[in-house]
Amino acid sequence: MLLRKFYLLLTAGLLTGFAYSQKKQDGSAMYKNAALPVETRVKDLLKRMTVEEKAGQLNQLTGGAFTGPALNDAGQQAKMQMVRDGKVGSMLNVIGATETKAIQTIAIEDSRLGIPLLFGYDVIHGYKTIFPIPLAEACSWNLNNIEKNTGVAAREAASAGIHWTFAPMCDVGNDIRWGRVMEGAGEDPWYAGLVSAARVKGFQGNLDEQHVLACVKHFAAYGAVEAGREYNYTDVSRVALWNKYLPPYEAAVKAGAASVMNGFNTFEGVPVSGSHYLVTDVLKKKWGFTGFLVSDWASFGEMITWGYAADAADAAAKALQAGSMMDMEARVMIAHLPELLKQGKVTVHQLDEAVGRILEAKFKLGLFDNPYKYCDVNREKATLFTAANRQQALQAAQEAVVLLKNNNKVLPISNKSARIAVVGHYADSKEDLFDFWIAQGEFKSAVTLLEGVRKVWGAEQVSFAAGYRADATTDDKLIAEAIANAAKSDVVLVNIGLSGKMAGEDRSLANPVVPEAQVQLLKALKATGKPVIAVVSAGRPLVLTAVEELADAIVYGWILGTESGNALANILSGVANPTGKTVMSFPYAVGQIPVYYNHFNTGRPVQTDGQGNWYSRYRDIPREPLYPFGFGLSYTSFQYSNLQLSSALTDKGKVVTATVTVSNTGDREGEEVVQWYIRDYAAAVIRPVKELKGFEKVSLKPGESKQISWKVDDKVLSFYDASGNLVLESGKFTVYAGGNSRDVLEASLEVR
Ligand code: BGC
C-alpha cells in the first residue's frame with residue numbers, strides 16, 4: 001500500500017510558483033473551437049506542434065512506482081517540468097479528482113499548446129468497490145451483469161479523475177501457472193470475446209464523464225507465455241493465433257474499444273511491440289482499428305533486452321515503424337523521435353498518424369473543451385463505494401461462485417441453528433482477500449468469510465480456528481484447535497487455497513496446488529466425521545485432487561471482492577443458489593498443465609475403456625481434467641433430453657435450428673447455463689474436439705422443462721485459415737448440448 005502514495009499533488013503545488021516564460025497559443029486557434037469537427041481540430045493542432053511536442057504526446061509517465069520498476073523515475077518535479085514543456089501526453093497511476101486536477105492544470109495552463117493529459121489507471125475489477133476478479137466474473141455467464149459491473153467501475157474511476165482503464169485483458173489462457181489468468185475470461189476464445197466486448201461497453205458507455213476509455217490488452221497472444229512464466233516468450237502458429245488467441249481482442253475492438261496495449265511477449269520471433277504484422281496488418285488494416293495503442297510497461301525499451309533492437313533509438317524506430325504509438329515508461333520515443341525523424345528513419349506521416357490518434361481520443365472525450373470534467377471532488381465523494389455499488393458487487397460475487405462438489409446435499413446449510421466451525425486463516429484475514437489489482441479498494445472494508453458467516457448464523461453459533469498460518473504452514477497445536485472446534489459443531493467450513501496476493505502480474509507459480517499443510521488439516525477435519533465443506537479461495541483454478549477426496553462439498557470462491565464473505569455466506573446458507581460454471585478446466589495434476597476442453601484429437605485419442613497401448617495419455621494420471629470447462633453444480637439438478645436438429649443435412653448459407661429440452665429435476669428454482677458446442681471432423685486445418693459456440697442462461701422452477709433452441713449458421717461452423725479469413729468447408733459435424741463441456745448430448749450434421 002505504501003507504494004501507492006502519490007507525491008505529485010505536493011510537487012504540483014510547489015511548482016506553481018515557478019516562472020513560466022513560454023508564450024501561450026492564441027485562444028482563437030481552430031483546435032480550440034469546439035464547433036469544428038474533431039478531424040479539423042486534430043489537423044490544425046498537428047500543424048502547430050513541434051516535433052518534440054509530438055514526441056511528447058507519445059510519452060506516458062507514471063505518477064508512482066506502482067505497476068513496474070520505476071527505472072526512469074527522474075523525480076516528480078522533473079516530471080512536472082516535462083508536462084510544462086509539452087513532453088508528456090499521458091500519465092498513469094495519478095489518482096483522485098484533486099490530484100488529477102492539479103496536474104491537468106499544469107498541462108493546460110503552463111504548456112505552450114495547453115494539450116490536456118490523459119490519465120490512465122488499472123481499473124481491473126473495480127475502483128473503490130471491488131468486484132470479483134474478471135476470471136470469476138466470467139463464470140457467471142451473465143453478460144448483462146458483466147457490463148453493468150464494469151459500468152460501476154467506470155463511474156467510480158471517472159469520478160476520481162481517471163479517463164482510461166487498462167482493461168479488459170483479452171488474453172486467452174489455459175495455463176494456471178500464469179498468475180494473470182485471473183484478469184481474463186478463461187480458456188474459450190469465443191466466450192472470452194463476448195465477455196471482453198461486454199466489458200468494453202460497460203467501461204466506455206457513450207464516452208461521457210461517467211465512463212472511461214477501455215484498453216484491449218495484451219496484444220497479442222500474451223496468454224501463451226511459455227511454462228506460464230510471466231514476461232516470457234510466446235510462439236504460436238498463425239492458425240493458432242487466428243483461431244485461439246485473436247478472437248477476444250477482435251471482439252473487443254469491434255465493440256468499439258478506444259485503445260489497445262501491446263504485450264510483453266513475442267510473435268514469430270519479434271517482440272509484439274515491434275510486430276508490424278500484428279499492429280499494422282491485423283489490427284489496423286484487417287480489423288480497421290482507428291483508436292490508439294499504448295505499449296505495456298517499458299515494453300518498447302525491452303525490445304533491446306529481448307535482443308531485437310540495438311539501442312533505445314532503434315527501439316523507438318522499430319516501435320513506430322510497426323505502427324505502435326504511446327510509450328509507457330520506457331521514454332525511448334521522447335528521447336529519440338526528433339533525431340530519428342532528422343535521420344529519415346521514421347517519417348512525419350508515421351509520427352502524425354500516431355499523435356493524431358491520441359489527440360483524437362482527447363478531443364472525443366471533450367478534454368480540450370473541458371479538461372476538468374472528470375475532476376469533480378463532490379461527484380467523486382458521491383460516487384465511490386455507495387450502497388448501490390456494493391449491492392451490485394454482492395450480486396456479482398454470488399454469480400461468480402462455482403459449486404464443484406456437493407455430496408449428499410450437504411449444502412446448503414439451511415438450518416439456522418446449526419453450529420458452524422469456521423476453520424482457516426484466510427477466513428479471518430482481510431489482508432489475504434484481495435489480489436494486486438484492486439485500484440483504490442480497501443482491505444478494511446472488505447467482508448471476510450468469518451464475518452459473513454457470523455452475520456447469517458449469529459456469532460454465538462460460529463467458532464473460529466486458524467488451522468494454518470499466513471505462510472501456509474501448520475503444526476499440531478493449530479490442527480488440534482481446529483479439531484476441537486469441529487467436534488463441538490454440526491458442520492465444518494474450511495477456507496483453503498491461496499492468499500489473494502498470489503494472483504496477478506508477476507505471480508507465476510510452478511505448483512498451483514492447495515498447500516500441503518491445508519491438505520493435512522483437511523485430513524484431520526475429515527477424521528472427525530463431521531461434514532467438511534471446503535471453500536477455496538484463489539485467483540486461478542488450483543489442482544484440487546486431494547481436496548476432492550477429503551471434502552464433502554467444494555465451493556470455489558476465487559477472489560470475490562469487497563462483498564466476498566457476504567456472497568459466500570449467502571451461497572452456503574442457500575439464500576443464493578449457485579449458478580456459476582467454470583471457464584477454465586481444473587487440472588487433475590500439475591503435470592497435466594495446460595489442460596483445456598478445446599484440445600485436438602491427436603492421431604491417437606484416449607481410449608475410453610483405458611485399455612491398450614500406444615495412445616495419447618499419461619501412464620500415472622487420467623488424461624481428463626478433474627473438473628471440465630463449463631462445469632458447476634446447483635442446489636437443484638438439471639436434465640437434458642431430446643436434442644434435435646431441424647435438418648441433419650444442410651447447405652452453406654442455410655440455418656439449422658437445434659433444440660434441446662432442459663428440465664429442473666430438483667426441488668428448488670435454479671438457473672442453468674445451457675451450452676452448445678460443435679465439432680468439425682475434417683478441415684483444411686484440424687479443429688478442436690469441441691468448440692463452444694452458443695449458450696443461454698435459463699431459469700427453471702422445480703419440475704419445469706423448457707425447450708431451448710439455437711441457430712447453427714455458417715459463422716458457427718467456420719474457422720480461420722492462416723491468413724485470418726473465415727472458411728466454411730462442407731463435411732461432417734457434431735452439435736452438442738449440455739450443462740458442461742463433458743456431459744453432453746450429441747446430434748450429427750452434414751454440410752454440403
Ligand atoms: C501490466 C499491464 C498494466 C500496466 C500498467 C504492466 O506491467 O502488464 O497489464 O496495465 O503494467 O500498470
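Note that these values count all heavy atoms, side chains included, but never hydrogens, waters or copies made by symmetry. As the structure lists them, so they are numbered: ligands from 1, and atoms in each ligand from 1.
- Of the listed residues (Val123, Val294, Asp296, Ile124), the one carrying the non-hydrogen atom nearest atom 2 (C) of ligand 1 is Asp296.
- Remark: distances from the non-hydrogen atoms of Tyr121 to ligand 1 are all 4.0 Å or more.
- Taking a cut-off of under 4.0 Å to the non-hydrogen atoms of Leu92, the atoms of ligand 1 that pass are 5 (C), 12 (O).
- To the nearest 0.5 angstrom, Ser90 atom OG is 8.5 Å from Ile358 atom CD1.
- In this pair, Phe267 and Tyr277 present their aromatic rings parallel. The plane angle is below 30°, not in the 30 to 60° band.
- Under 4.0 Å from ligand 1, the heavy atoms of His218 that appear belong solely to its side chain.
- Those atoms of ligand 1 that come under 4.0 Å of a heavy atom in Phe166, given as number and element, are 10 (O).
- A donor-acceptor pair shorter than 3.5 Å can be found between the side chains of Ser259 and Trp164.
- Close approach of ligand 1 to Arg180 (heavy-atom distance below 4.0 Å) involves ligand atoms 1 (C), 2 (C), 8 (O), 9 (O).
- Using a 4.0 Å cut-off between a side-chain N of Lys or Arg and a carboxylate O of Asp or Glu, Lys318 and Asp314 qualify as a salt bridge.
- Remark: Lys430 is not positioned above the aromatic ring of Phe443, lacking an NZ or CZ atom under 6.0 angstrom from the ring centre and at most 45 degrees off the axis.
- No cation-pi contact links Arg180 to Tyr222, judged by a cut-off of 6.0 Å to the six-membered ring centre and 45° from its axis.
- Here Met169 has no heavy atoms under 4.0 Å from ligand 1, in either its backbone or its side chain.
- Note: an N/O pair closer than 3.5 Å links Glu505 and ligand 1 by distance alone.
- Proximity to Lys217 (heavy-atom distance under 4.0 Å) selects the following atoms of ligand 1: 2 (C), 3 (C), 9 (O), 10 (O).
- A salt bridge links Lys217 to Asp122: at least one charged side-chain nitrogen sits closer than 4.0 Å to a carboxylate oxygen.
- The closest approach between any non-hydrogen atom of Glu183 and ligand 1 is not below 4.0 Å.
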